[in-house]
Each structure stands twice: as C-alpha cells, then as structure tokens.
Amino acid sequence: MFVLRLWNYFCGYAIIIVQGIKIERFINLAVVNNIYLWDIEKIDYTTIKAKINIKDFFKLRYIVRKTDSNIQIIEKCGMPFKIKTVKKRKWFFFGLGALLIFIYILSSYIWMIEIEGLDKIDEQAVLENLSHVGLREGVKKSKINKREIENRMLIRMPDLTWMGLEIKGTKAFVTVVEKKPEPQLINRDEPCDIVASKNGVIEKILVLNGDGVVKDGDTVKKGQLLVSGTIIRDGLPERYVHSMAEVNARTWYEDVEEIPFEQVEYKKTGRTFTTYSMDIIKKKIERTKKVPFEDYNKSSRDIYIFSFGSYVFPIKLTITKYEELMPLTKIIDGEEAKTICEERLNTKIKLQIPEDAVILNNRIEYFTNDKSLIGKIYVEVMENIGVKVKID
C-alpha cells in the first residue's frame, strides 16, 4: 500500500469531489475497470471525496456519463505539479537558492565576538589585541587556531592570567581572567621595618618582633618609623629581624560637597524621534537626520536580521530612539539641601575608609551662602596603620 501511494505521488494524483444519485454504482464501476481510488470520504448521500491517479482520472469519463455524475478536481498533488510550480516561480526559487548559498558562505566566518570576565581592562583594548593575533569580525573560521590565539594573547597582555576561546556558529566567545595585583609580601626570614601608612594618633601598639620606637598616645605622620627591624644593643653586634606588630591608631577623613538651592531637573515630554540605520558587512547605510530636540535621552537597539541561535550574520538594523527632555528649575530649601548633602557626603566618605576600620565619630558642618549650601564631613576612625617596609 505504501509503495502504491509513493508511486502515485511521483506520477501525480488529484483530490476529487464526485456528486450524483448513483454514487455507489460510480465506485463499483471504477473498481471493475481497475481504476484505483483511495482515501474515499463520504460527505453526504450523494457526494464523496477521494484521491485518484492523474492517468486514471481521464478513464472516468465513461463512468461519469453512465452514472450521470458530476466530477470536480479540488487539488492537484504530487511531483509533476511541484515541478510545474517551480518552473512558474523559477526566479523566486533561484533567488532563494542564491540566498541560501550566501548564508552558507557567511556562516563560515566570525561575525560577533563576545568577551566575558573583564573588570578593569578595557574591552576595546582586548578586541584590538585579538585582532593582532588573528581573531576579528570577518575572519574565516578555518583560519582560526584557538590554542595559538590564546597563547599569543597571554604574551601580548601580561594583565591576563588565562584566556579561553570557543567558536559557536558565527560567534566567538572569549573568556578571560585578569591578573590580580599581588601584594608585596615580605618573607618571614627577610628583615623589615614597620612604618605609618597615614597620619594618626597611636591608640595601642603591640610589638611582637622588633624594637618599637613610638608609644601609645604619640602623634605620627605618614611614612614615620613605628617599629624598627634593626636591633642595637650595647656590647652586641647589630642584627636585623622581621618586624611584627599591630598598630591601632585614630585617623581622620574629611570631604566637602556643595548643593545649589536652584536645582535643574529634566522630565520627559512624551515626544520621541526615531532613526534607522543598516549595517551590511561593516558598511553602514544611514540617512542623516537632525534631532529636533535640544535636550534628550538617547537609546539604541540592534536587531540582527538573520540570527539563528549562535549563527548571527552581519546584517544589522540599528534603531535609535530620542526622548525629548524638558529642563525644569526647582528651588529647594535648606533642609532639603542638607538631606541631599548628607547622603552624598556619606557615600563619598565610605569609599575612602577601609572596610576593617571602626568609625568612632562622625559629624557634618554646614555653611550657606546666597546660592548654595556647603557641607563638610569629618570622620574619626580606628584602624591599623602599620605597613612593612623591607630593609635593604
């Protein structure tokens, strides 16, 4: 049965509607004359729907006249009709075939590079170095040697400790690990002094090794010697040790912030302006239009026309949206200015104070003039200010 249906598909078949009061006789005569009908479906008492081979269809004329029936083709199916459709639309299929070939060729190139793991290193610097070692947008995938690129990148960029490259579709995924700044550690067998890292007043000093040269309550300056690793004793030769101590001192931080009483706020008016540009293999097609707004927010969105998972092709539509902003002048009073000033000062001072420091005192002084309020913050903290310095 399957082979017969497959043969009918290659030869071509039709889906027909037969109407008549002698519909059963019509079917019987078709069987007697070796005319194969299949998928016969009874629609009502006088109508059936069926499939028939195209060659057998023309044999039905005698049966149609004899049974006084009416026959109608509702659909032609099979290979011969598919070929006719292709011939009628040859330019469409030619264009479709050319497009598929073009996409296949483009899929053998890298059109997007994604970088993960960056913190302090600039992404553009990484892209430029990748270009030098052979990985750039538009490079053929067959020319990419992943191991060679990884090794050459580590040589070109000493700030990287590791780099991994993975190719998926037309995307190159680059993962990097930045080199963390190594603290200047001094080995326990190397002699060193301990000096003050900043100005302060010694609250408590506990010397574990070396000679302390300051005591509790002393005021010290940045760089001043606190514990000496050079041991000098009467009647004994001079010797050098690895100084160890905990030096807790009171230190001070301060910062200033000015808040104008006349504040300018920008609010959206609801008016927008949109521009479009097309990038086709790094060639930008854009119609330059002047933005009709003086103040605005700008946002862009890229849409890759041909994108299938990891296969992204270099045909990109960029939609740039401009939202008009209207400047509004707002006058704030002294209390509101203090609230803003306090919030900003606390945020700024936290960035300066070490995480392990203990805040002892915090105060803000305010000064005003005709145009603004000026706030000055003073913070007193307790922290360890001792740092080791190697003795040459």
Problem - Between Y240 and E238, a side-chain donor and acceptor under 3.5 Å - result: yes
Practice task
State whether F367 and K376 meet the cation-pi test: NZ (Lys) or CZ (Arg) under 6.0 Å from the six-membered ring centroid, and within 45° of the perpendicular axis.
Solution key: no
Problem - Test side chain to side chain contact (heavy atoms under 4.5 Å, CB included) applied to R250 and L360, step by step - result: CA-CA 9 Å; R250 285 182 289 123; L360 302 175; 3.7 Å; yes
Problem - Electrostatic pair E323:R271 at N-O distance under 4.0 angstrom - result: no
Handout entry: For K171, the option from E166, E137, E114 that meets salt bridge (Lys or Arg N to Asp or Glu O under 4.0 Å)
Key = E114
Practice task
State whether the side chain of N151 and the backbone N or O of E148 hold a donor-acceptor pair below 3.5 Å, judged by distance alone.
Solution key: no
Handout entry: Residue from K388, K390, R188 passing side chain to side chain donor-acceptor pair (under 3.5 Å) with H242
Key = K388
Handout entry: Linked, directly or transitively: F57 and L37 (ILVMFWY side chains, under 4.5 Å)
Key = yes
Handout entry: Minimal non-hydrogen separation, K222 against S197, with atom names
Key = CG-O, 3.4 Å
Practice task
May I ask you to decide if D44's main-chain N or O and T47's side chain share a donor-acceptor pair within less than 3.5 Å?
Solution key: no
Practice task
May I ask you to check whether K348 and Y253 show a side-chain donor-acceptor distance below 3.5 Å?
Solution key: no
Handout entry: Pair T46-Q19, side-chain donor/acceptor within less than 3.5 Å
Key = no
Practice task
Could you go through the side chain to side chain contact (heavy atoms under 4.5 Å, CB included) check for C341 and L373 one step at a time?
Solution key: CA-CA 8 Å; C341 186; L373 175 138; 4.0 Å; yes
Exercise for the section: Ignoring hydrogens and angles, state whether a donor on the side chain of N384 or E246 is under 3.5 Å from an acceptor on the partner side chain. Expected result: no
Exercise for the section: For side chain to side chain contact (heavy atoms under 4.5 Å, CB included), just list the numbers for M278 and K284, CA-CA rounded to whole Å, side-chain angles, deciding distance to a tenth of an Å, and then say yes or no. Expected result: CA-CA 6 Å; M278 184 77 76; K284 192 167 188 177; over 6 Å; no
Practice task
Assess K168 against F173: is NZ or CZ under 6.0 Å from the centre of the six-membered ring, and within 45 degrees of the ring's axis?
Solution key: yes
Practice task
State plainly whether the residues E342 and K338 are in salt-bridge range, i.e. N to O under 4.0 Å.
Solution key: no
Problem - Distance-only side-chain donor-acceptor flag, D302 / T318, under 3.5 Å - result: yes
Practice task
Assert yes or no for the condition that the ring centre distance of W111 to Y304 is strictly below 6.0 Å.
Solution key: no
Handout entry: Test item: E383 side-chain N/O and V358 main-chain N/O as donor-acceptor pair under 3.5 Å
Key = no
